[in-house]
Colleague: 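Dumping the structure here so I can ask a few things about it.
A, B, ... follow the sequence lines: proteins, then strands. Residue 1 opens every chain.
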Protein chains: 2
Amino acid sequence: MQSFTEENYLKAIYTLSTAENQSVSTNAIAEKLTTKASSVTDMLKKLADKKLIHYEKYQGAELTRKGKKIAINIIRKHRLWEVFLVNHLNFKWDEVHDVAEELEHINSEKLIDSLDRFLNFPQFDPHGDPIPDKEGKVYHHKEISVKDLRVGESGIIVGVKEHHPDFLRYLENAELLLGTNIKVLKIFEWDNSIKIKCDKKQELTISEKVAGNLYIKKMLKK
Amino acid sequence: MQSFTEENYLKAIYTLSTAENQSVSTNAIAEKLTTKASSVTDMLKKLADKKLIHYEKYQGAELTRKGKKIAINIIRKHRLWEVFLVNHLNFKWDEVHDVAEELEHINSEKLIDSLDRFLNFPQFDPHGDPIPDKEGKVYHHKEISVKDLRVGESGIIVGVKEHHPDFLRYLENAELLLGTNIKVLKIFEWDNSIKIKCDKKQELTISEKVAGNLYIKKMLKK
DNA sequence: AAAACAATTTAGATAAGCCTAAAAATATAT
DNA sequence: ATATATTTTTAGGCTTATCTAAATTGTTTT
Ligand SMILES: [Mn+2]
Ligand SMILES: [Mn+2]
Ligand SMILES: [Mn+2]
Ligand SMILES: [Mn+2]
């Protein structure tokens with residue numbers, strides 16, 4: 001059993017390493033957890049003692065199999081709670097993160113398995129992120145964004161890269177929600193903004209930044 | 001805002017004082033929280049500094065209005081989560097306490113208000129204990145037990161005094177659940193055990209201890 | 001009222017998690 | 001290859017919540 005703090009470090013290492021799939025630097029962890037590098041060093045020693053990470057001085061940290069399992073389980077809990085909050089307690093997708101950040105540390109296998117069943121074994125959370133299964137298997141989708149589409153091509157929104165509440169509220173306002181069909185009508189070379197058509201209804205122009213943060217599943221042309 | 005630990009002290013003081021409605025002793029708190037008296041003294045000083053309790057050396061502790069409000073709110077959260085676990089996640093009433101003990105510390109007003117609405121504003125938890133409302137009002141029932149009935153009188157089970165899982169499982173096995181109608185048929189002077197009839201079905205004999213831990217609402221004779 | 005006993009507080013430690021400032025190691029630029 | 005800059009670790013402290021052992025206060029008994 002490990003403390004909230006240890007769990008947060010493991011989760012941080014996991015999310016930072018999947019991005020690069022190798023050892024994570026002290027500074028990167030410190031930034032992620034808004035703490036100081038010296039605090040991180042202390043904790044890395046402790047996690048290494050517990051065989052939850054591989055750690056060598058100045059070489060950064062990498063999760064062991066055991067550490068990875070714990071990290072994935074916390075993410076599983078985080079995302080299942082987010083589904084609960086949105087689907088049953090009327091939270092908006094920009095409001096769930098902080099509460100889920102607390103709920104993810106509740107320790108009860110029975111609780112989380114029952115919640116999973118209650119929610120009907122969801123595959124994705126409200127942001128389109130995959131929910132690891134009980135055994136810790138995670139389905140990673142391919143991370144194609146609207147930026148990867150050419151004029152005339154279309155796709156369905158399946159997730160968001162950035163989770164900032166402001167971005168989520170922007171999307172909600174523009175009715176760019178998960179499941180929405182998008183067709184690229186025009187790309188403005190000047191600033192790489194993109195004119196799109198949604199679900200055969202509205203046309204709108206989105207910035208390059210927005211386009212890069214909208215994950216889609218590419219549709220076959222017809 | 002206060003730590004989990006502080007919240008647990010406040011809750012302990014609250015539950016111990018409603019029993020006697022006056023100041024709570026250091027030792028009583030220590031026993032309740034399975035910690036040492038010296039640790040309690042330290043914490044009482046701290047809670048007094050924060051104006052959450054009234055405390056004078058050697059004189060025990062009493063909640064201030066502010067401390068009481070926090071304590072009641074934690075109990076509200078504990079009981080609402082218990083309702084959720086039993087009614088929606090298929091927990092048995094003897095399985096909910098430990099998980100609720102963790103969930104009660106999650107801090108989000110929106111969360112608990114939404115949960116309350118989702119559960120349809122329940123008045124009682126799975127053990128028959130009253131759920132304080134948003135403003136902190138608690139309905140206390142009169143705490144009449146089966147022991148207070150005379151031969152021929154009857155009542156409906158509305159709660160349990162003791163919450164030990166073994167006791168709860170005994171009740172479940174004997175089908176002595178909330179809402180069950182009980183009529184006292186005979187009292188055996190020898191050991192004060194009581195022969196009762198439940199819901200016009202079975203007859204059974206319960207011990208004095210069981211009778212004293214079963215709260216009932218007395219029914220008018222007919 | 002003094003002695004004996006019980007309850008409570010104080011003194012002094014410990015462990016977790018964090019911090020700042022300084023030292024050491026590594027990476028980058030000239 | 002050396003100097004400079006960056007990253008990381010170490011040293012030394014702080015806070016919270018614990019503990020044991022000793023001292024103090026309060027309560028009972030004789
Ligand atoms: Mn989240
Ligand atoms: Mn999410
Ligand atoms: Mn309970
Ligand atoms: Mn209960």
Colleague: Polar pairs (N or O, both sides) under 3.5 Å between protein and nucleotides 2-6 of chain D?
Modeller:
none

Colleague: Would A:Glu95 and A:Lys92 pass as an ion pair if we require N to O under 4.0 Å?
Modeller: no
Colleague: What is the separation between atom CD on B:Gln59 and atom P on D:dT25, rounded to the nearest whole Å?
Modeller: 13 Å
Colleague: What class does the angle between the rings of A:Trp81 and A:Phe84 fall in, given that below 30° is parallel, 30 to 60° is tilted and above 60° is perpendicular?
Modeller: perpendicular
Colleague: Between P on D:dG13 and CG on A:Asp42, what's the gap in Å once rounded to a whole number?
Modeller: 15 Å
Colleague: Is it true that A:Asp166 and A:Arg169 have a side-chain N and a carboxylate O under 4.0 angstrom from each other?
Modeller: yes
Colleague: Parallel, tilted or perpendicular, judged at 30° and 60°: which one describes the rings of B:His97 and B:His78?
Modeller: tilted
Colleague: How many angstroms lie between atom CD of B:Glu7 and atom CD1 of B:Ile75, to the nearest 0.5 angstrom?
Modeller: 11.5 Å
Colleague: So if I take every side-chain heavy atom of B:Lys57 and compare against C:dT26, C:dT10, D:dT10, which nucleotide ends up nearest?
Modeller: C:dT10
Colleague: Over how many whole Å does the gap from A:Leu44 atom CG to D:dT8 atom C1' extend?
Modeller: 10 Å
Colleague: Taking CD from A:Gln2 and P from C:dA16, how many angstroms apart are they, rounded to a whole number?
Modeller: 14 Å
Colleague: Kindly give the atom pairs (protein nitrogen or oxygen, nucleotide nitrogen or oxygen) under 3.5 Å for nucleotides 20-23 of chain D.
Modeller:
from: D:dT20; atom 1: OP2; to: B:Lys36; atom 2: NZ; distance (Å): 3.4
from: D:dT20; atom 1: O4; to: B:Ser38; atom 2: OG; distance (Å): 3.0

Colleague: Nearest 0.5 Å, what's the NZ-CG distance between B:Lys69 and B:Asn73?
Modeller: 8.5 Å
Colleague: Would you classify B:Thr26 as touching base, sugar-phosphate or nothing, given that sugar-phosphate means primed atoms plus P, OP1 and OP2, and contacts are heavy atoms under 4.0 Å?
Modeller: sugar-phosphate
Colleague: Output the rounded distance in Å from CD (A:Glu56) to P (C:dT26).
Modeller: 11 Å
Colleague: Starting at CD of B:Glu6 and ending at C1' of D:dT15, how long is that distance when rounded to a whole Å?
Modeller: 12 Å
Colleague: Write down the distance between NZ (B:Lys50) and P (D:dT16), rounded to a whole number of angstrom.
Modeller: 8 Å
Colleague: Distance-only, no hydrogens or angles: does the B:Asp148 side chain make a donor-acceptor pair with backbone N or O of B:Ser145 under 3.5 Å?
Modeller: yes
Colleague: At less than 4.0 Å, is any side-chain N or O atom of A:Tyr9 found next to OP1 or OP2 of C:dA16? Yes or no.
Modeller: no
Colleague: Can you measure B:Glu31 atom CD to C:dA7 atom P for me and round it to whole angstrom units?
Modeller: 11 Å
Colleague: Parallel, tilted or perpendicular for B:Phe4 and B:His105, by the 30°/60° rule?
Modeller: parallel
Colleague: I'd like to know if the side chain of A:His88 and the backbone of A:Val86 have a donor-acceptor N/O pair within less than 3.5 Å.
Modeller: no
Colleague: Select base, sugar-phosphate, or nothing to describe what A:Tyr55 touches, counting heavy atoms under 4.0 Å on all strands.
Modeller: sugar-phosphate
